[in-house]
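Order of the sequence lines fixes the chain letters, A, B, ..., with proteins taken first and strands second; residue numbering starts at 1 for each chain.
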There are 2 protein chains.
Amino acid sequence: MDRRQRKTREAIFKAFTELLSQKDFSQITVGEIIERADIGRATFYAHFETKDFLLKELCEELFCHLFDSMHKENNHHRHIFDCDAPSSVFLHLFQHLMKNDNNILGLFSCRNNELFLGYFKESLVQLVQNQIDLFDSEKNKKLPESFLVNHIVATLVGTIRWWVDNGMKESPETITEYFLAVI
Amino acid sequence: MDRRQRKTREAIFKAFTELLSQKDFSQITVGEIIERADIGRATFYAHFETKDFLLKELCEELFCHLFDSMHKENNHHRHIFDCDAPSSVFLHLFQHLMKNDNNILGLFSCRNNELFLGYFKESLVQLVQNQIDLFDSEKNKKLPESFLVNHIVATLVGTIRWWVDNGMKESPETITEYFLAVI
DNA sequence: TTATTACAGAACTCTTTGTTCAATAAAATT
DNA sequence: AATTTTATTGAACAAAGAGTTCTGTAATAA
């Protein structure tokens with residue numbers, strides 16, 4: 001990829017995430033993005049078809065980064081989804097969220113983030129589905145699996161939003177406890 | 001309230017909810033609404049400051065209607081929040097959702113509904129807070145109450161969305177079972 | 001050095017938003 | 001029933017944003 005392209009792309013992402021932390025997605029205009037990124041209007045549209053596609057690609061990059069980091073932090077010989085304890089998977093997720101990526105946290109705290117949450121949930125369904133056997137007690141055997149997966153993902157999202165909205169005062173370990181306690 | 005005002009207001013709500021069942025909130029223009037409602041442009045802005053205020057007022061009307069109906073269906077001598085079993089409260093909610101109000105269901109299934117869900121959650125927090133003692137086992141005593149309330153509301157919203165997205169095949173009784181089983 | 005590719009920046013069309021105003025019709029008041 | 005008040009109409013209007021097109025220029029690759 002051309003160095004110029006990379007620089008422009010990153011400038012757009014940077015400006016966009018900064019604006020996302022200030023206001024809702026629907027309130028942000030292309031004009032604001034290009035002004036902050038200091039690029040031409042035509043350049044923006046050469047990179048992204050619309051504002052929605054920009055958000056889409058930002059989400060994809062964030063999740064690649066998130067799951068890559070979790071892989072690296074984790075045991076290199078085993079796949080992340082094959083961990084022995086379910087707690088370790090979620091603990092790593094919470095730890096990573098706390099450590100860096102204010103970008104992701106901004107998307108969690110703002111309002112117009114249905115698209116982002118859609119991606120997040122999609123990514124998590126695979127993770128949860130591999131963990132679901134561990135949660136299957138006799139009590140839950142009667143419930144449809146898709147309902148259980150949906151419930152665990154919804155709970156995870158709800159937990160993170162509560163955590164972020166309350167200022168992330170709790171440690172990742174505590175949040176993992178809370179999360180595991182309610183599911 | 002003037003009969004003319006009521007008629008235009010209802011025509012706007014009708015057109016708006018019909019459009020909401022077809023496309024996302026952000027895709028709907030004021031022009032489409034007034035064309036479908038068959039009213040003048042100035043009339044729309046005489047009633048609603050912006051499109052967002054229209055959604056806001058629609059949500060408020062829907063929730064008034066929802067909770068009023070639940071009151072009427074329920075025991076008239078006791079307040080809904082004072083019911084003996086927690087299941088009855090949630091069962092009534094699920095029953096009401098199934099019976100009527102395609103309007104509410106449309107808002108649950110569409111994407112851009114953060115504002116709607118915000119109202120819904122707000123309304124539910126009070127309901128849940130009155131029920132929370134019943135769920136307080138020794139296990140949950142360690143968890144902050146706000147976390148528990150947040151979790152129950154998030155689970156309720158997640159349950160309804162799963163129900164609606166899967167075509168509402170299950171009966172309100174079954175959904176209540178599922179819901180109570182996971183919390 | 002040459003050819004390719006990306007960017008700047010301006011001008012432009014189109015859509016949508018929100019406002020204004022005079023004319024008209026319905027409702028409330030006397 | 002006559003008059004006053006209020007709601008609606010419809011058109012015209014300005015402003016803002018989206019997305020496109022073009023030419024000249026600078027950086028990169030061959």
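Residue-level contact check: B/A46 touches neither bases nor backbone, having no heavy atom under 4.0 Å from any strand. If you check every strand for non-hydrogen atoms under 4.0 Å, B/T43 touches a base.
Counting non-hydrogen atoms of other residues, nucleotides and ligands closer than 6.0 Å to CD of A/Q22 gives a total above 12.
Each of B/T50 and B/R3 has a nearest nucleotide on DNA chain C; the 5'-most of these lies closest to B/T50. In terms of position along DNA chain D, the nucleotide closest to A/G31 lies nearer the 5' end than the nucleotide closest to the other residue of the pair A/A42 and A/G31. In terms of position along DNA chain C, the nucleotide closest to A/K7 lies nearer the 5' end than the nucleotide closest to the other residue of the pair B/K51 and A/K7.
We find that CG of A/D2 is positioned 17 Å from P of D/dA26, with the value rounded to whole Å. Spacing between atom CG of A/L54 and atom C1' of D/dG19 amounts to 15 Å, rounded to whole angstrom units. Across the protein-nucleic acid pair, A/D52 atom CG and D/dA18 atom P stand 11 Å apart, rounded to whole Å. The CZ-C1' distance, from A/R6 to C/dC7, rounds to 16 Å in whole Å. Straight-line distance from the CD1 atom of B/I34 to the C1' atom of C/dT17: 11 Å, rounded to whole Å. Counting to the nearest Å, the P atom of C/dG18 and the CD atom of B/E32 are 15 Å from each other. Taking atom CD of residue B/E35 and atom P of nucleotide D/dT9, one finds them 14 Å apart after rounding to whole Å. B/I39 places its CD1 atom 19 Å from the P atom of C/dA25, with the value rounded to the nearest Å.
Judged purely by atom type and a 3.5 angstrom limit, B/W163 uses its side chain to pair as donor or acceptor with the backbone of B/E170.
On a pure distance criterion of 3.5 Å, a polar donor-acceptor pair joins the side chain of B/R4 and the base of C/dA26. For A/R41 and C/dG9, a side-chain-to-base donor-acceptor distance below 3.5 Å is absent, hydrogens and geometry of angles not being considered.
Of the side-chain N and O atoms in A/H47, one or more sit less than 4.0 angstrom from OP1 or OP2 of C/dC7. Considering only side-chain N and O atoms, A/Y45 lies nowhere under 4.0 angstrom from the phosphate OP1 or OP2 of D/dT20.
By the 4.0 Å N-to-carboxylate-O rule, A/K14 lies too far from A/E10 to be salt-bridged with it. B/E57 has a carboxylate O that lies under 4.0 Å from a charged side-chain N of B/R9, or vice versa, which qualifies the two as a salt bridge.
Ring geometry for B/F44 versus B/F48: interplanar angle of 30 to 60°, hence tilted.
Comparing C/dG18, D/dG19, D/dT8 against the side chain of B/T8 picks out D/dT8 as the nearest.
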